[in-house]
Amino acid sequence: MKVGSLAEIKKELTFLDTKELSVLLLDLAKFSTDNKALLYFKLFERENPRLFVELVKEELDLEFQKSNTRNYHFAKKSGQSIRRKLNKSLKLTKDKETLIELITYFCEQFKLYGFLDFRHPVIDNLYRVQVGKIEKLINGLHEDLQYDYQEKVFSLKENLR
């Protein structure tokens with residue numbers, strides 16, 4: 001089965017009325033939880049733009065509280081699991097400031113919960129990659145905003161060897 005291009009789908013969607021569009025969107029939302037989450041945030045973030053950030057932070061807090069940091073192996077696995085959940089949430093937004101804020105929050109919590117105390121190469125690299133993502137996102141922002149975030153990145157980099 002060959003799936004049409006995005007342009008073809010977009011063109012075809014223009015011919016549908018609102019009732020058909022809403023049925024189509026509901027079917028898409030039922031298909032996967034990612035689609036449902038994306039639709040939810042797109043619909044409700046107009047009313048409360050901070051809703052997405054708050055919900056993701058709450059989810060990350062719960063995951064960090066459940067994390068097992070008794071030894072480096074469990075800490076590594078917990079950290080990787082939390083990072084996967086973060087990455088899944090990051091796919092739902094394209095706003096660079098939101099992405100920076102969430103990744104920074106992840107890094108701060110990662111340090112706070114003692115993951116970096118193990119000095120295990122995998123854990124350190126996981127943290128280093130996230131800091132690198134923040135730097136890359138900051139470079140794409142306006143100069144005034146870049147300056148605001150540089151101090152946070154500097155404090156996060158202090159935790160690296």
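Just so you know, residue 1 is the first one in the sequence shown, and it goes up from there.
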- Given ring pair (Phe, Tyr, Trp, His ring centres under 6.0 Å), test Phe52 with Phe44 step by step and report yes or no. CA-CA 9 Å; Phe52 175 71; Phe44 294 106; over 10 Å; no
- Take Leu55 and Glu58 through the side chain to side chain contact (heavy atoms under 4.5 Å, CB included) test and state the conclusion after the steps. CA-CA 5 Å; Leu55 289 175; Glu58 284 177 23; 4.2 Å; yes
- Query: Which is it for Glu54 and Lys57 under the side chain to side chain contact (heavy atoms under 4.5 Å, CB included) test, yes or no, and what are the steps along the way?
  - Reply: CA-CA 5 Å; Glu54 293 166 8; Lys57 282 184 177 181; 5.9 Å; no
- Pair Leu28-Leu39, side chain to side chain contact (heavy atoms under 4.5 Å, CB included): steps then yes or no: CA-CA 9 Å; Leu28 194 60; Leu39 185 60; over 6 Å; no
- Task: Begin with the C-alpha distance, continue with both residues' side-chain angles, and end with the deciding distance and a verdict on salt bridge (charged side-chain N to carboxylate O under 4.0 Å, His left out) for Lys152 and Glu108.
- Result: CA-CA 10 Å; Lys152 283 185 181 181; Glu108 290 168 350; 5.5 Å; no
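In this structure, the side chain of Gln146 engages the main chain of Ile138 through a donor-acceptor pair within 3.5 Å. Between the side chain of Glu20 and the backbone N or O of Asp17 there is at least one donor-acceptor pair closer than 3.5 Å. With Asn139 contributing its side chain and Glu135 its backbone, the two residues share a donor-acceptor pair below 3.5 Å.
Ring geometry for Tyr72 against His120 counts as parallel: the plane angle stays under 30°, on a 0 to 90° scale with 60° as the upper cut.
Both Leu43 and Val53 are members of a single hydrophobic cluster when ILVMFWY side chains are connected at heavy-atom separations under 4.5 Å. Leu102 and Leu51 fall within a single hydrophobic cluster, where Ile, Leu, Val, Met, Phe, Trp and Tyr are joined by side-chain heavy atoms under 4.5 Å apart, directly or via other members. Two different hydrophobic clusters hold Val129 and Ile123 under the rule that ILVMFWY side chains link at heavy-atom gaps under 4.5 Å. Taking hydrophobic clusters as Ile, Leu, Val, Met, Phe, Trp and Tyr residues chained together by side-chain heavy-atom distances below 4.5 Å, Leu38 does not share a cluster with Leu13. Each of Leu62 and Ile103 belongs to its own hydrophobic cluster when Ile, Leu, Val, Met, Phe, Trp and Tyr are linked at side-chain heavy-atom distances under 4.5 angstrom.
Taking a cutoff of 4.0 Å between a charged side-chain nitrogen and a carboxylate oxygen, Glu8 and Lys11 do not qualify as a salt bridge. With respect to Glu158 and Lys111, no salt bridge is recorded, no charged nitrogen being found less than 4.0 Å from a carboxylate O. Between Asp34 and Lys91, none of the side-chain N atoms (NZ, or NE/NH1/NH2) sits under 4.0 Å from a carboxylate O, so this pair counts as no salt bridge.
One distance of note links CG of Leu156 with CZ of Phe110; it measures 12.0 Å at 0.5 Å rounding. The CG atom of Leu99 sits 10.5 Å away from the CG atom of Leu92 when rounded to the nearest 0.5 Å. To the nearest 0.5 Å, atom NZ of residue Lys77 and atom OG of residue Ser67 are 15.0 Å apart. Interatomic distance, Gln150 CD to Leu145 CG, rounded to the nearest 0.5 Å: 11.0 Å.
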Please set out all donor-acceptor pairs under 3.5 angstrom arising from side-chain atoms of residues 78-89, sequence neighbours excluded.
residue : atom : partner : partner atom : Å
Ser78   : OG   : Asn68   : N            : 3.2
Ser78   : OG   : Phe74   : O            : 3.0
Asn87   : OD1  : Lys133  : NZ           : 3.3
Ser89   : OG   : Lys85   : O            : 3.2

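For Gln65, the CD atom sits in a packed shell: over 12 heavy atoms of surrounding residues, nucleotides or ligands are nearer than 6.0 Å.
Between Lys76 and the choices Asn71, Thr69, Val122, Leu126, the side chain to side chain contact (heavy atoms under 4.5 Å, CB included) rule is met once, by Val122.
A side-chain donor-acceptor contact under 3.5 Å links Asp61 and Tyr105.
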